[in-house]
Amino acid sequence: PVAKSKSNGKSAPSCFGYPISIFFIVINEFCERFSYYGMRAVLVLYFKYFLHWEDNLSTVIYHTFVALCYLTPILGALIADSWLGKFKTIVSLSIVYTIGQAIMSISSINDLTDYNRNGTPDHIPVHIALSVVGLILIALGTGGIKPCVSAFGGDQFDDDQEKQRTRFFSIFYLSINAGSLISTIVTPVLRGTECGIHSKQRCYPLAFGVPAALMAVALIVFIIGSGMYKKVQPQGNIMIQVSKCVGFAIKNRFRHRSKEFPKREHWLDWASEKYDKRLIAQTKMVLKVLFLYIPLPMFWALFDQQGAIQIQPDQMQTVNPILIIVMVPVVDAVIYPLIKKCGINFTPLRKITVGMFLASLAFVAAALVQVQIDKTLPVFPAAGQTQIKVINLGSVEATVKFEPGLQDVNSTFFFSFLSTITFGSQTIDQVVSSLGEKRHTLAVKNVGTTIVAELVSLFINNMAQTVNISMGSTHFGPLKSLSASNYKAFSRGSKAIIGNTSSSSCGISSKTFGFGSASTIVINECSGSSLAATYIEDIPPNTVHMAWQIPQYFIITCAEVVFSVTGLEFSYSQAPSNMKAVLQAGWLLTVAVGNIIVLIVAGASKLSEQWAEYVLFAALLLVVCIIFAVMAYFYTYVDPNEIEAQLDEDEKKQAKKDKDLEKEAEAISQM
């Protein structure tokens, strides 16, 4: 049913008790998050395989971009609360955002500078320059509108719609994860297609173009709802006023530090000589919440490491948004009402505390899984070591003896070993040289009166003639007698192996390889249609099933639901009317600080085991959780609307009193 709700004397259309305007905001957020996460899903691949940047540079630029996206909300909040207002800020920065996405799509067009039409851009710097401009505009856009959209949604509700507003923030968070989920599945598929004018390449223009189109849709949808929105007007440069108020209070308190001056209820009250009660009261509300935010970045330090606790392919990361979509309505409609029926006062700060505890628990679960994974991993050579495995390809028993190592003065990472190889009565001394800190396979065979020894990998041709080998759709090229191919990566599952010699074609219809395994395959004979091969397992497959990750993802998702959704609503509810976006930006800033904590702790940590690092982060968050619980215990909830209404009433009384005094003074002067 559609009805009219009254707000400040104006009738606003509503549906099922919710303002219709919020549906435009939710759809806008879904499209914007699809745009952002879709672009981000293929960004590192674009850096590495299109711009040809090294792994380290790609990673640094990627994390710099993400950090910038969480720092720019402060700028967007200041513009919204002090200058343009939330609506105009969202529209303006969404245009910047859309232009940035379009530039990214253009920058990835291979044919833009492929003048000789050989499939490779001739002027990479042009593509890099366009990409950097596009990413800066995207960071300004997505970060700038981030605190404004959620706060603008909260503005649409009346003071008596607290329950509906709380439910809105849950729906809002649901739309974020729905957009994230769909985009992280769709855009990699789009990238995998081939497109181009003169040559067919991975279709980055489409992978970036679809997010750009969705951002344009987000902007159009948001503008369509313009006539239905409640738009709170900005009240001047409030942050500068707050900063001056805080500075004056500190300075004034320092001047009056003597005991002869009576103490005041709050240290900000020392600003009352210069600033009005309203500004001081609003500043108190903001600083109380910002102080409470100090421990929160530790949660994001753990949460944003979800990619680090995966065993299987990247698709496993979609588990989190899927669980979010399921858990948000379950927690909101079932868990919270059940807790309330049990007589437990589950306040917002208690929810946030529980969220932090659950995140710590998730990393303990991750550590337990990692311990089991470590038990199945092969022992790789440590610093200053190398490993050699010997395969006898001959028919006669062989003895291989490694003498003390010969030092190679050219490189500290290069090792040479003198090996003595004996087949029956034949003996040779072979110097085996290898790069340090690696595993190698040494194949030996007696051929006539000679002994052949060679470092090999993956396929070894143990036949007298040359053979062409292919596995699945991968070709290894012609392998001469007693030569070997390089290792190549394959998806797990059954693979067909085909061999072609000058006289015959043979193959193995299906050979199954386990996930995470590495094998050496010796081709012994190719006769008729049959391929005879020996399989030597260099690294066994993983035995820890990927399903063991699900508990940790489930726990971290529950943590996110009770922590993040609550944080958005709490930040809005405790903020004064003229600083809603500022507090939302403060909340988002904790995410940026959390990522910085990860870099600091990981860089300072000397732990060599992954599970130990998980335990370290879990312990740190548990300590922070306890500190936050103590801080939350002493926090007093406020109703900004009630405080501001009381201030309005006091100001009216004071104005009336001043007017009466003026009349009295005027009457006296006329006597």
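Just the heavy atoms: all of them, side chains too, but no hydrogens, waters or symmetry mates, feed the values below.
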Just wondering, do [Y] and [X] contact through their side chains at under 4.5 Å, heavy atoms?
{"X": "Val42", "Y": "Phe208", "answer": "yes"}
{"X": "Ser564", "Y": "Phe303", "answer": "no"}
{"X": "Leu174", "Y": "Pro329", "answer": "yes"}
{"X": "Tyr70", "Y": "Val66", "answer": "yes"}
{"X": "Gln372", "Y": "Leu368", "answer": "no"}
{"X": "Tyr204", "Y": "Met104", "answer": "no"}
{"X": "Ile95", "Y": "Leu219", "answer": "yes"}
{"X": "Ile536", "Y": "Ser519", "answer": "no"}

In terms of the angle between their ring planes, are Tyr46 and Phe50 parallel, tilted or perpendicular, with boundaries placed at 30° and 60°? parallel
Return the set of residues passing side chain to side chain donor-acceptor pair (under 3.5 Å) with Glu29 (not counting sequence neighbours), or none when no residue passes. none
Please check if the side chain of [X] supplies one atom and the backbone of [Y] the other of a donor-acceptor pair under 3.5 Å.
{"X": "Thr590", "Y": "Pro297", "answer": "no"}
{"X": "Glu32", "Y": "Met215", "answer": "no"}
{"X": "Ser105", "Y": "Pro205", "answer": "yes"}
{"X": "Gln584", "Y": "Lys146", "answer": "no"}
{"X": "Thr566", "Y": "Val562", "answer": "yes"}
{"X": "Thr187", "Y": "Gly38", "answer": "yes"}
{"X": "Ser470", "Y": "His475", "answer": "no"}

Heavy atoms only: give me the nearest [X]-[Y] pair and the separation to one decimal.
{"X": "Pro147", "Y": "Pro73", "result": "CG-O, 3.4 Å"}
{"X": "Gly76", "Y": "Leu93", "result": "CA-CD1, 4.4 Å"}
{"X": "Pro478", "Y": "Asn468", "result": "N-OD1, 3.1 Å"}
{"X": "Ile325", "Y": "Ala178", "result": "CD1-CA, 3.8 Å"}
{"X": "Phe47", "Y": "Ser58", "result": "CB-OG, 3.4 Å"}
{"X": "Pro188", "Y": "Ser183", "result": "CD-O, 3.8 Å"}

Partner of Arg33 under side chain to side chain donor-acceptor pair (under 3.5 Å), chosen from Asn28, Thr142, Asn177: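 For Arg33, the side chain to side chain donor-acceptor pair (under 3.5 Å) test succeeds with only one of Asn28, Thr142, Asn177, which is Thr142.
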Return yes when atom [atom1] of [X] has more than 12 non-hydrogen atoms of other residues, nucleotides or ligands closer than 6.0 Å, and no otherwise.
{"X": "Trp611", "atom1": "CH2", "answer": "no"}
{"X": "Tyr49", "atom1": "OH", "answer": "no"}
{"X": "Tyr293", "atom1": "OH", "answer": "yes"}

Using the ring pair (Phe, Tyr, Trp, His ring centres under 6.0 Å) criterion, which residues pair with [X]? Sequence neighbours excluded.
{"X": "Tyr37", "answer": "none"}
{"X": "Phe563", "answer": "Phe299, Trp300, Trp587"}
{"X": "His123", "answer": "Tyr115"}
{"X": "Phe24", "answer": "none"}

Taking only residues two or more places apart in sequence, or in another chain, which ones meet [X] in a side-chain contact (heavy atoms from CB on, under 4.5 Å)?
{"X": "Ile79", "answer": "Leu75, Trp83, Leu84, Thr89"}
{"X": "Leu137", "answer": "Val96, Ile99, Ile103, Val133"}
{"X": "Leu531", "answer": "Ile497, Cys506, Ile508, Ile523, Cys526"}
{"X": "Leu479", "answer": "Phe459, Asn461, Val467, Ile469, Ser483, Ser485"}

Spacing of [X] atom [atom1] and [Y] atom [atom2] [to the nearest 0.5 Å]:
{"X": "Leu568", "Y": "Phe169", "atom1": "CG", "atom2": "CZ", "result": "6.5 Å"}
{"X": "Thr64", "Y": "Leu57", "atom1": "OG1", "atom2": "CG", "result": "9.5 Å"}
{"X": "Leu206", "Y": "Leu190", "atom1": "CG", "atom2": "CG", "result": "4.5 Å"}
{"X": "Gln156", "Y": "Ser21", "atom1": "CD", "atom2": "OG", "result": "3.5 Å"}
{"X": "Gln101", "Y": "Ile106", "atom1": "CD", "atom2": "CD1", "result": "12.0 Å"}
{"X": "Leu616", "Y": "Leu621", "atom1": "CG", "atom2": "CG", "result": "11.5 Å"}

What about the rings of Tyr97 and Tyr36, do their centers lie closer together than 6.0 Å?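 For Tyr97 and Tyr36, the ring centres are not under 6.0 Å apart.
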Could you tell me if the ring centre of Phe222 sits under 6.0 Å from that of Phe152? yes
Please list, chain by chain and in numerical order, all residues satisfying salt bridge (Lys or Arg N to Asp or Glu O under 4.0 Å) with Arg191, sequence neighbours excluded.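 None.
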Can you tell me which residue pairs pass the salt bridge (charged side-chain N to carboxylate O under 4.0 Å, His left out) test with a partner in residues 34-49, sequence neighbours excluded?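 Salt bridge (charged side-chain N to carboxylate O under 4.0 Å, His left out) check on residues 34-49 returns Lys48-Asp55.
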Does a donor on one side chain sit under 3.5 Å from an acceptor on the other, for [X] and [Y]?
{"X": "Thr520", "Y": "Tyr535", "result": "no"}
{"X": "Ser150", "Y": "Tyr173", "result": "no"}
{"X": "Thr113", "Y": "His127", "result": "yes"}

Quick test of your reading: applying disulfide bond (SG atoms under 2.5 Å apart), list the pairs with at least one residue in residues 27-77, sequence neighbours left out, ordered by first then second residue.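 Qualifying pairs, neighbours excluded: none.
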Within 45° cone and under 6.0 Å: Lys86 NZ/CZ vs Tyr229 ring: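 Judged by the rule, Lys86 and Tyr229 form no cation-pi pair.
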